[in-house]
Amino acid sequence: MEMWIWRKMNKTSWVERKTNEQVLKDKNIFKEKILGERSRGRPKTSYFQDLKHLTEVETYSTLKNMANDRDLWLSRQDMAFKR
């Protein structure tokens with residue numbers, strides 16, 4: 001059962017005719033990728049985080065209400081891009 005799961009996770013087809021030893025070797029490589037070091041550099045920001053920062057809004061519901069009011073939304077965008 002365990003080998004079947006590892007074969008599914010690695011997307012190994014039965015046509016490839018890999019032995020269990022090869023699958024276990026792939027499993028160790030897979031685990032190293034998961035447990036590896038974090039990436040270097042600045043953490044990635046999401047689109048929502050950028051919108052919150054630019055429009056100076058704290059919650060999603062406030063941002064959504066602002067987007068529904070077109071004049072308010074355009075005025076906030078104008079202020080954000082003039083910075």
Side-chain angles (χ1 to χ4, degrees):
M1 181 72 173
E2 180 184 358
M3 294 305 295
W4 177 80
I5 292 171
W6 282 112
R7 286 178 186 271
K8 284 289 189 184
M9 286 177 65
N10 288 334
K11 297 180 181 175
T12 305
S13 172
W14 64 273
V15 178
E16 294 177 30
R17 296 185 183 258
K18 283 190 174 183
T19 63
N20 286 344
E21 289 80 20
Q22 290 172 325
V23 172
L24 288 174
K25 189 169 130 183
D26 290 344
K27 173 181 124 176
N28 290 334
I29 292 170
F30 186 73
K31 280 186 176 180
E32 288 173 8
K33 287 182 181 178
I34 292 174
L35 298 176
E37 297 179 12
R38 64 183 177 92
S39 60
R40 297 180 55 160
R42 180 180 294 185
K44 296 184 190 296
T45 57
S46 67
Y47 180 67
F48 176 64
Q49 294 296 326
D50 286 340
L51 279 176
K52 275 179 39 176
H53 176 70
L54 288 173
T55 56
E56 300 172 351
V57 174
E58 295 297 320
T59 62
Y60 173 75
S61 59
T62 316
L63 189 65
K64 186 177 176 183
N65 290 337
M66 185 189 311
N68 285 334
D69 183 5
R70 186 169 177 81
D71 294 330
L72 179 61
W73 179 253
L74 291 175
S75 69
R76 281 292 179 107
Q77 278 186 340
D78 191 37
M79 288 185 338
F81 290 117
K82 283 186 178 178
R83 288 183 188 179

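When reading the values below, keep in mind they use all heavy atoms of this one structure, side chains included, and skip hydrogens, waters and symmetry mates. The residues of the chain are indexed from 1 along the displayed sequence.
In this structure, the separation between CZ on Arg70 and CG on Leu72 is 12.5 Å, given to the nearest 0.5 Å. Here the NZ-NZ distance, from Lys25 to Lys18, works out to 9.0 Å after rounding to the nearest 0.5 Å.
Shown here are the side-chain contact (heavy atoms from CB on, under 4.5 Å) partners of Asp50, two or more places apart in sequence or in another chain: Thr45. With sequence neighbours excluded, the residues satisfying side chain to side chain donor-acceptor pair (under 3.5 Å) with Ser61 are Thr59. Take Phe48 and apply the side-chain contact (heavy atoms from CB on, under 4.5 Å) test, not counting sequence neighbours, and it matches Ser46, Lys52, Tyr60, Leu63.
Summarising the local packing, CD of Gln49 is surrounded by more than 12 heavy atoms from other residues, nucleotides or ligands at distances under 6.0 Å.
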